[in-house]
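All values below come from the heavy atoms of this structure, side chains included, with hydrogens, waters and symmetry mates left out. A note on names: the letters A, B, ... follow the listed sequences, proteins ahead of strands, and every chain is numbered from 1.
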Amino acid sequence: MLDINLIRETPDLVRKALRDRQMETAPVDAMLQLDERRRSLLGEVESLKAQRNMVSKEIGQLKDAEARQSKIEAMRLVGDRISGLDAQVAAVDRELGDLAATIPNVPDARTPIGASEAENVVLRTVGEIPKFDFAPKAHWELGPALGVIDFERGTKITGSRFYVLSGPGARLQRALIAFMLDLHLRQGYTEQYLPFMVKAETMFGAGQLPKFADNLYKDHEEELYFVPTAEVPLTGLHMNEILDEARLPLLYTGYTPCFRREKMSAGRDVRGIKRGHQFDKVEMYMYARPEESDALLEKMREDAEATCAALGLTYRVKQLCTGDLGFGAAITYDIEVWAAGCNEWLEASSVSNVRDFQARRANIKYRPTDGSKARFVHTLNGSGLGLPRTLIAVLENNQRADGSVVVPGILQPWMGGIDVIRPI
RNA sequence: GGGGAGGUGCCAGAGUGGUUGAAUGGGACGGUCUCGAAAACCGUUGUGGGCUCCGGUCCACCGAGGGUUCGAAUCCCUCCCUCCCCGCCA
């Protein structure tokens with residue numbers, strides 16, 4: 001959600017932001033018109049209300065029955081006009097709100113301008129692309145051969161894009177989750193166990209509704225949504241709160257499953273576990289003072305990189321261009337891990353500063369230490385790596401000629417002595 | 001699931017339909033007093049929005065949303081949440 005003042009005072013800035021994102025600028029003009037209409041209606045209705053308040057007080061004092069009655073009649077008419085105008089204001093507000101909810105965040109000046117993901121910029125690559133003296137297998141072959149990924153039974157139980165992790169595969173994922181959470185604790189984050197279902201208001205606050213309703217699973221009986229990422233409940237955590245500045249920044253980490261209908265990606269990445277309807281993720285999230293959020297974005301990127309590095313994964317850091325930037329983000333780094341079997345880079349993490357965009361939608365402010373007016377916080381989010389893609393990279397990159405996979409040493413504390421997973 | 005009680009400001013807690021944006025107490029902040037502190041005393045202590053000659057002024061907000069009324073924290077309806085008792089249950 002953008003500040004209406006930003007649109008009112010610097011509409012060209014917002015128009016440019018929309019153009020850079022390959023979007024229409026018409027909503028800006030519609031909003032400017034509605035905003036003007038709203039203010040003129042408010043002027044009218046509020047002066048009527050002031051009049052009614054004043055006369056109503058007089059009525060309370062009046063002893064003379066006739067004078068009293070005539071004022072009551074007059075105010076009844078005023079009341080009717082107020083109801084009519086109030087309804088108009090409400091209608092304009094709704095339109096304005098609907099439009100505002102569809103306008104994405106203004107990109108940071110450092111976000112390169114580009115039309116699509118093809119114009120994202122690779123900032124650097126860390127590690128060597130592993131060489132094999134045999135043809136490395138993709139995880140959709142490796143997984144079933146090792147008995148750790150069971151595609152058929154996932155589909156049997158639920159449907160396409162669902163799978164079962166079995167035996168050491170399930171344990172490996174659990175080890176990765178525990179490893180990531182423990183690492184984030186050392187990096188200064190506080191662990192949260194969150195609800196996996198949220199109400200519509202929470203989805204709206206995080207920017208998922210109304211725009212991405214198609215991508216969400218919903219329980220229609222209870223009007224609850226399944227979270228598509230822990231970012232949603234982590235944003236909701238402090239919804240409608242005013243935080244003490246002394247508490248900032250707040251650094252959180254949380255593990256949740258994520259549920260996505262993937263309607264927009266129908267037919268893409270259907271092979272393997274790269275893009276399922278349900279996947280696990282460990283998330284990092286921050287509530288920050290505006291002036292420190294830029295620096296904290298770099299910390300979060302480093303923390304995500306540290307996860308890749310500790311697992312011995314080869315990865316690269318990309319800077320997203322305006323055409324590929326997420327709806328709420330002002331600036332985003334993607335971290336992609338190399339998967340030797342699929343022979344491609346997989347997006348495992350996306351680290352963004354959304355500035356006050358979510359804070360406005362979710363109404364999250366902080367009280368400056370000097371006691372001055374409450375200000376919106378900045379929020380940042382980043383995956384401490386999505387589990388399926390991390391799992392893919394770990395399996396594919398650590399495979400050996402005999403079809404076995406070496407488990408990274410750093411995961412040993414959670415693997416109970418399993419250092420190699422062998423074909424069944 | 002059944003029955004009962006309740007949601008008011010930072011907290012506690014009043015509030016006959018008519019200067020109640022809200023008594024009182026506590027906390028916090030500022031000040032007086034003091035060598036300093038405590039105590040005492042005085043003052044300040046919400047959010048959003050409109051207009052503004054930037055001094056203000058007006059509107060809205062007492063869990064949320066509707067309704068009744070000239071006028072609603074107060075009356076009515078719906079929903080949400082909390083607490084207590086009974087039942088059921090991982």
[atom1] atom, [N] versus [M]: distance in rounded Å?
N     : M     : atom1 : result
B/A64 : B/G26 : P     : 29 Å
B/U45 : B/C10 : C1'   : 9 Å
B/G7  : B/U44 : C1'   : 29 Å
B/U74 : B/U8  : C1'   : 11 Å
B/A60 : B/C53 : C1'   : 26 Å
B/A73 : B/U16 : P     : 13 Å
B/G17 : B/C70 : C1'   : 12 Å
B/A5  : B/C77 : P     : 14 Å

*Scan A/E298, A/E305, A/R301, A/Q319 and name whichever one has a side chain to side chain donor-acceptor pair (under 3.5 Å) with A/Y333.*
A/E298
_Does the plane of the ring in A/H139 sit parallel, tilted or perpendicular to the ring in A/F151? Use 30° and 60° as the thresholds._
tilted
*According to the interplanar angle, ranging from 0 to 90°, do the rings of A/H277 and A/F162 count as parallel (below 30°), tilted (30 to 60°) or perpendicular (above 60°)?*
tilted
Between [atom2] on [N] and [atom1] on [X], what's the gap in Å once rounded to a whole number?
X      : N     : atom1 : atom2 : answer
A/E245 : B/C10 : CD    : C1'   : 18 Å
A/N240 : B/C81 : CG    : C1'   : 14 Å
A/R76  : B/G71 : CZ    : P     : 9 Å
A/I72  : B/U68 : CD1   : P     : 17 Å

*asked:* Nearest 0.5 Å, please: how far is CD in A/E117 from SG in A/C321?
replied: 9.0 Å
_Syn if the chi torsion is within 90° of 0, anti otherwise; quick check, which is B/G55?_
syn
_Can you give me the closest heavy-atom contact between A/A306 and A/Q187, atom names plus distance?_
CB-NE2, 3.7 Å
*Closest non-hydrogen atom pair between A/T202 and A/V232, with its separation*: CG2-O, 3.8 Å
*Between protein and nucleotides 47-64 of chain B, map the contacts as a letter string: B base, S sugar-phosphate only, - none, heavy atoms under 4.0 Å, written 5' to 3'.*
SSBSS------BBS----
*Quick one: side-chain hydrogen bond (donor to acceptor under 3.5 Å, both in side chains) partners of A/T235, sequence neighbours excluded?*
A/Y285
*Mind checking which stems touch RNA chain B? I mean at least 3 consecutive Watson-Crick or G-U pairs, both distances under 3.5 Å.*
B:1-7 with B:80-86, B:10-12 with B:24-26, B:27-32 with B:40-45, B:46-51 with B:56-61, B:63-67 with B:75-79
*Closer to the 5' end of RNA chain B via nearest nucleotide, is it A/E73 or A/K199?*
A/E73
_Test salt bridge (charged side-chain N to carboxylate O under 4.0 Å, His left out) applied to A/D419 - qualifying residues, sequence neighbours left out_ = none
*asked:* So that I can tick it off, tell me whether A/E223 and A/K218 are bridged by a salt bridge, with the cut-off set at under 4.0 angstrom between side-chain N and carboxylate O.
replied: yes
_A/R76 with A/D80: basic N within carboxylate O range, under 4.0 Å_ = no
Restricting to nitrogen or oxygen on both sides, can you table the protein-nucleotides 16-18 of chain B pairs closer than 3.5 Å?
residue: B/G18; atom: O6; partner: A/R68; partner atom: NH2; Å: 3.0
residue: B/G18; atom: N2; partner: A/S56; partner atom: O; Å: 2.6

*Sequence neighbours excluded, which residues qualify as ring pair (Phe, Tyr, Trp, His ring centres under 6.0 Å) partners of A/F179?*
none
_Taking the six-membered ring of A/F279 as reference, does the cationic atom of A/R260 (NZ for Lys, CZ for Arg) lie under 6.0 Å from its centre and within 45° of its axis?_
no
